[in-house]
Amino acid sequence: MVSLAELNPQQAEAVRHLGTPLLVLAGAGSGKTRVITHKIAWLVGACGLPARRILAVTFTNKAAREMRQRAAALCHGAQARGLTVCTFHALGLQILRHGAREAGLRPGFSILDTQDVLHLIRELIQGGDAVDTDSLRAAISAWKDAGVDPDRALREAEDEQAAHAARLYARYERQLRACNAVDFDDLIALPVRLLHEQPALLEHWQQRSGHLLVDEYQDTNAAQYTLMRLLVGVGHGLTVVGDDDQSVYAWRGARPENLRHLQRDFPGLKVIKLEQNYRSTGRILAAANGLIARNTHLFEKRLWSALGPGDPIRVLPCKSPEHEAERIVSDLLRLRLRYADDWGNYAVLYRSNHQSRPLEQALREHGIPCRVSGGTSFFSHSEVKDLLAYLRLLTNPEDDAAFLRVVNVPRRHIGPGTVERLAAYAGERGVPLLQACGEFGLRERLPADAHRRLTRFAEWVEEARHRAHAEPPQAVFRYLLAELDYEDWLRDTSTSPAQAERRIARVGELAAWIGRMAGDEQTEGKDLEAIIGHLALVDLLDRNEDERARDAVQLMTLHAAKGLEFPHVWIAGMEEEILPHHANREGTGLEEERRLAYVGITRAQRHLTLSYCTSRPRAGETVDCTPSRFLRELPAESIEWHEPGSPAAQARVRETGRAHLSNLRSLLQP
DNA sequence: TATTGTTGCATTTTT
DNA sequence: TGCAACAATA
C-alpha cells in the first residue's frame with residue numbers, strides 16, 4: 001500500500017481525489033511530479049486499477065523517463081508492469097500504428113522530422129518565389145494543429161499569400177501520403193481523426209485510458225487537447241497538472257487557455273492548488289513572484305517557501321559574452337570551493353543555443369567538466385541521419401525523402417541531374433522513387449550509365465530489404481555498415497581525423513542503441529520497423545545514461561531547463577533583444593518571455609546569479625546591449641549588483657581559482 | 001554531369 | 001559557426 005504520509009494536505013488530496021476530473025495547479029517547485037507518481041501508485045495499489053489501464057503523458061522524453069522510474073519505484077516492481085508513460089507524440093504513434101490501415105497508411109510508414117519536412121517543402125516550391133520555407137512549414141503545422149484540412153485552408157484563405165500556402169499544403173499532404181510518411185503534427189492530428197471516425201478504435205483506446213494523467217498541461221496544443229478529450233470520453237479518470245506561469249511553448253501552438261477550457265468541457269472539474277514551494281529560498285521566490293506578477297493571470301496563485309531568505313540574488317554586468325563566461329566561471333569556482341559539492345549541482349541557463357559557445361569554452365579552459373544539452377541533437381548529425389534514412393528505406397521502400405537522402409551517400413555518381421529526371425518520371429507515374437528506378441520507361445530518359453547506377457542501387461536496396469526481414473535489427477545495421485564501407489567513407493569525408501573519430505563513435509552509439517532496443521525487455525519482439533519509428537521520437541542523448549550520470553556542470557536553454565532544479569543557477573544574457581528575445585518584445589510574446597525568465601529563476605534552489613553584457617557581436621558587427629527590463633522588474637531588495645573589479649582584480653580572482661582547482665585535483669587524484 | 005571549392009548568409013525556443 | 005546557393009573543375 002502506498003503511503004501518503006510524505007505528502008502535504010493538498011498533495012494528498014490530489015492523489016486521493018477520484019470520481020471527477022481533476023486539475024492540479026502546481027506552482028514551480030511545489031511537487032507536481034510527486035503528485036503524479038504517487039497518484040499512479042495510489043491508483044494501482046489502493047484502487048486496484050490495472051497498470052495497463054493507466055496512461056501518463058508528458059511532453060518530453062526526459063520527463064517521461066524520469067516519471068516512469070519514479071512511478072515504478074513507488075509501485076513495488078511487478079505492479080507497474082504494463083504502465084504506459086510516454087510523450088503525447090509517442091502515444092499518437094502507438095495509436096497510429098494500431099490503426100495504420102484505417103488511417104490510410106501502410107505498415108512501416110516513416111516519420112519525417114522538421115529537417116526532412118523543410119527539404120520536402122523546398123522541393124515542392126522549387127523555382128517559385130524565394131519565400132521563407134520555414135514560415136510555410138509553420139503555417140502548415142498550425143493548420144494541422146487546428147484540424148484544418150487543405151481544402152478548408154484554401155476556402156478560408158484571406159489573401160493570395162495564404163491561398164498560396166494552402167495550395168502548397170495540399171501538395172505537401174499528397175506527397176506525404178504518397179511516400180507513406182507522416183510528420184510530427186500528424187502524430188497527433190491523424191489519431192484524432194482516427195478516433196473520431198472509428199468507433200471501435202475509440203472504444204479500444206478509451207478502455208486503455210481508465211485513468212489519464214497529463215503532466216505540464218499548460219503545454220497542450222489544440223490537437224493534443226482534442227486527443228485528450230477523446231481518450232477520456234465520458235469517463236472521469238483524468239488528472240492534469242499544470243502551471244500557466246510556466247507556459248513557454250506558445251510558438252509551438254501550446255494553449256494555456258486550455259486550462260479554462262477544462263472548466264467548460266468537464267463540468268465536475270475539481271481544482272486543487274499547490275502553493276508551497278519546497279525548492280527555493282525566500283529571496284529567489286520573491287524575485288520569481290515579483291517578476292511574474294507583471295503578467296495577467298487565469299488563476300491566482302501565491303507561492304510561499306518555508307526555507308529561509310537565503311543569499312541575495314546577484315547581478316553581474318559584463319563587457320562581452322567572453323567576459324560574461326569568465327565571470328560566471330570564476331563565480332562558479334568560488335561557490336564550488338565553498339561547498340565542495342558535485343559539478344552536477346551547477347547549471348548555466350540561457351535563452352538561445354548559440355550562447356552556449358563562450359560558456360562551454362571558458363569551462364573547458366578551466367578544466368571543468370560540462371555537458372551541453374538541448375543543442376545539436378544526436379539526430380542532427382549527418383552520419384546519424386544518413387544511417388537512419390537507410391533503415392527507413394529498408395522498412396518503407398516508399399519513403400522518398402529517405403531515398404533522396406541516401407541515393408548518393410556514399411558517392412554513387414548519381415547526381416542532381418539524374419535524380420531530377422528520376423523524380424519527374426516517378427511523379428508522372430505516381431510511383432515511389434525506388435520503384436521507378438527499375439521501370440523500363442525510365443531507361444529512355446537517361447544515359448545508359450546513369451540508369452545502370454540507379455538500377456544497381458535499387459537492386460542493392462532490395463537485397464538489403466530481403467535481409468532485413470530475416471535478420472535481427474543489430475545484424476541489419478552491421479550489414480549496412482559493412483556494405484557501405486561506412487567507416488572509410490566517414491574518414492574520407494571528415495575534415496580532420498579527430499572529427500572522423502567522433503562521427504564513428506556516434507555510429508557506434510547508434511549501433512549500441514539499436515542493439516539495446518532490440519533486446520530490451522520493454523521492446524522485446526519489436527522489429528526494425530518499430531525501432532525506427534521510435535527512434536524518430538527519442539533523442540538518444542536524453543536517454544543516454546552514461547551521459548546523464550556524468551558529474552558535470554549543466555549548460556542548457558531555459559526551455560530545456562523546465563522541470564529541472566539545481567542548487568546553483570546562472571542565467572546568462574539578461575539583455576533586451578535576448579531575453580526578451582527581439583521577436584517577442586510586445587504583447588503576449590513579451591509575457592511568454594517573462595514566463596521564460598520565471599522558469600529560469602525558479603530552477604534555483606540556493607543561489608541565483610543573473611548576468612548581462614553591455615556589448616556583443618551580432619551579424620558580424622559589435623552592438624551595444626541594454627540590460628533586460630526583467631532585471632528592473634525584480635524586487636530591488638533581494639538583489640545585489642556586482643560591477644566587475646579592475647582588470648588586475650579579475651586576474652587575481654582567476655588565478656586563485658586555478659590554484660584552488662589544481663590543489664583540489666591533486667588531492668582527489670594522487 | 002558529378003564533385004569540389006567558395007562565397008555569402010543569418011542565427012529562438014522542440015516533439 | 002554552419003549552411004545553402006553558386007561557380008569552377010575533373
Side-chain angles (χ1 to χ4, degrees), chain A residues 57-64 86-93 111-115 117-119 122 126 130 132-134 137-138 141 144-145 182-189 216 219-221 223-224 247-254 349-358 360-361 373-377 379-382 407-421 446-447 449-450 453 492-493 495 534-539 541-542 556-562 573 577-585 589 592-593 595-597 599-600 616-621:
Chain A
V57 183
T58 65
F59 281 84
T60 65
N61 297 302
K62 210 185 331 186
C86 64
T87 64
F88 256 112
H89 289 85
L91 176 64
L93 177 61
I111 302 165
L112 304 192
D113 66 14
T114 310
Q115 288 242 324
V117 167
L118 282 172
H119 278 128
R122 212 167 283 138
Q126 62 166 321
D132 179 8
T133 41
D134 196 60
R137 188 199 56 77
S141 179
K144 289 195 178 190
D145 175 35
V182 300
D183 60 23
F184 280 139
D185 300 304
D186 286 332
L187 289 178
I188 310 298
E216 303 282 14
D219 292 337
T220 47
N221 63 28
Q224 286 162 339
S247 161
V248 290
Y249 286 103
W251 51 274
R252 208 168 83 188
L349 313 179
Y350 36 82
R351 175 63 229 260
S352 44
N353 274 310
H354 70 266
Q355 292 175 258
S356 69
R357 195 157 292 284
E360 191 183 353
Q361 202 175 334
S373 69
T376 24
S377 136
F379 288 103
S380 64
H381 296 284
S382 62
V407 65
N408 201 28
V409 175
R411 302 265 104 99
R412 292 187 182 90
H413 298 270
I414 300 170
T418 307
V419 171
E420 172 133 2
R421 286 182 220 179
L446 283 173
D449 52 345
R453 291 187 197 115
D492 290 347
T493 54
T495 51
H534 205 61
L535 273 179
L537 298 180
V538 173
D539 199 311
L541 287 181
D542 268 358
M556 64 182 86
T557 64
L558 290 163
H559 284 88
K562 192 149 78 86
E577 313 289 304
I578 299 227
L579 184 68
H581 191 268
H582 62 79
N584 285 355
R585 272 171 309 173
E592 172 133 333
E593 297 291 313
R595 288 192 291 268
L596 211 40
V599 165
R616 85 168 51 231
R618 191 197 314 269
E621 283 305 298

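Below, chains carry the letters A, B, ... as their sequence lines are ordered, and counting in each starts from 1. Keep in mind that this is a model prediction, so the values were computed, not measured.
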**OP:** Not counting sequence neighbours, which residues clear side chain to side chain contact (heavy atoms under 4.5 Å, CB included) with A:Ala90? List them please.
**Re:** A:Cys86, A:Thr87, A:Leu537
**OP:** Quick one: list whatever passes side chain to side chain contact (heavy atoms under 4.5 Å, CB included) with A:Thr418, sequence neighbours left out.
**Re:** A:Ile414, A:Leu446, A:Ala450, A:Leu454
Protein-nucleotide distance ([X], atom [atom1]; [N], atom [atom2]), rounded to Å:
| X | N | atom1 | atom2 | value |
| --- | --- | --- | --- | --- |
| A:Glu577 | B:dA10 | CD | P | 17 Å |
| A:Ile188 | B:dT15 | CD1 | C1' | 8 Å |
| A:Leu112 | B:dT14 | CG | P | 20 Å |
| A:His119 | C:dC3 | NE2 | C1' | 10 Å |
| A:Leu596 | B:dT14 | CG | P | 10 Å |
| A:Asp183 | B:dT14 | CG | P | 19 Å |
| A:Leu91 | B:dT15 | CG | C1' | 13 Å |
| A:Asp113 | B:dT14 | CG | C1' | 11 Å |

Subject >> Residues in side-chain hydrogen bond (donor to acceptor under 3.5 Å, both in side chains) contact with A:Asn221, at least two apart in sequence or another chain >> reply: none
Subject >> Any residue meeting side-chain hydrogen bond (donor to acceptor under 3.5 Å, both in side chains) with A:Asp145, in chain and number order, not counting sequence neighbours >> reply: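 With sequence neighbours excluded, A:Asp145 shows a side-chain hydrogen bond (donor to acceptor under 3.5 Å, both in side chains) to no residue whatsoever.
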Subject >> Residues that A:Phe59 engages under ring pair (Phe, Tyr, Trp, His ring centres under 6.0 Å), provided they are two or more places apart >> reply: A:Phe88
Subject >> Charged N-O contact under 4.0 Å between A:Asp219 and A:Arg252 >> reply: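 A salt bridge is absent here (no side-chain N lies under 4.0 Å from a carboxylate O).
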Original post:
Are A:Arg595 and A:Glu592 within salt-bridge range, i.e. N to O under 4.0 Å?
Top reply: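 Looking at A:Arg595 and A:Glu592, the cut-off is met.
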Subject >> Main-chain N/O of A:His413 paired with A:Arg453 side-chain donor or acceptor, under 3.5 Å >> reply: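 Confirmed, A:Arg453 side chain pairs with A:His413 backbone.
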Original post:
C:dA4 and B:dT13: how far apart are their P atoms, nearest whole angstrom?
Top reply: 16 Å
Original post:
Do any side-chain nitrogens or oxygens of A:Asn61 fall under 4.0 Å of OP1 or OP2 in B:dT15?
Top reply: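 For B:dT15, neither OP1 nor OP2 has a side-chain N or O of A:Asn61 closer than 4.0 Å.
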**OP:** May I ask you to evaluate whether A:Asn221 reaches the phosphate of B:dT15, defined as a side-chain N or O under 4.0 Å from OP1 or OP2?
**Re:**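 Answer is no, no contact under 4.0 Å.
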**OP:** Could you tell me whether the side chain of A:Thr114 has a donor or acceptor atom within less than 3.5 Å of a complementary atom in the base of B:dT15?
**Re:** yes
**OP:** Verify the stacking flag for A:Trp251 against B:dT13: centroid separation must be under 5.5 angstrom and the ring planes must differ by under 30 degrees.
**Re:**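 Answer is yes, a stack.
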**OP:** Hey, which sits more toward the 5' end of DNA chain B by its nearest nucleotide, A:Asp185 or A:Ala583?
**Re:**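 In this pair, the answer is A:Ala583.
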Which one, [options], comes nearest to the side chain of [X]?
| X | options | answer |
| --- | --- | --- |
| A:Arg357 | B:dT13, C:dT1, C:dA5 | C:dT1 |
| A:Arg122 | B:dT15, B:dT1, C:dA4 | C:dA4 |
| A:Asn353 | C:dT1, B:dT15, B:dT14 | B:dT14 |
| A:His559 | C:dA4, B:dT13, B:dT1 | B:dT13 |

Original post:
Could you run down nucleotides 2-8 of chain B 5' to 3' and tag each one B, S or - for protein heavy-atom contact under 4.0 Å?
Top reply: SSS----
Original post:
Hey, does A:Phe88 reach any base, or is it just sugar-phosphate, or nothing, if we go heavy atoms under 4.0 Å?
Top reply: nothing
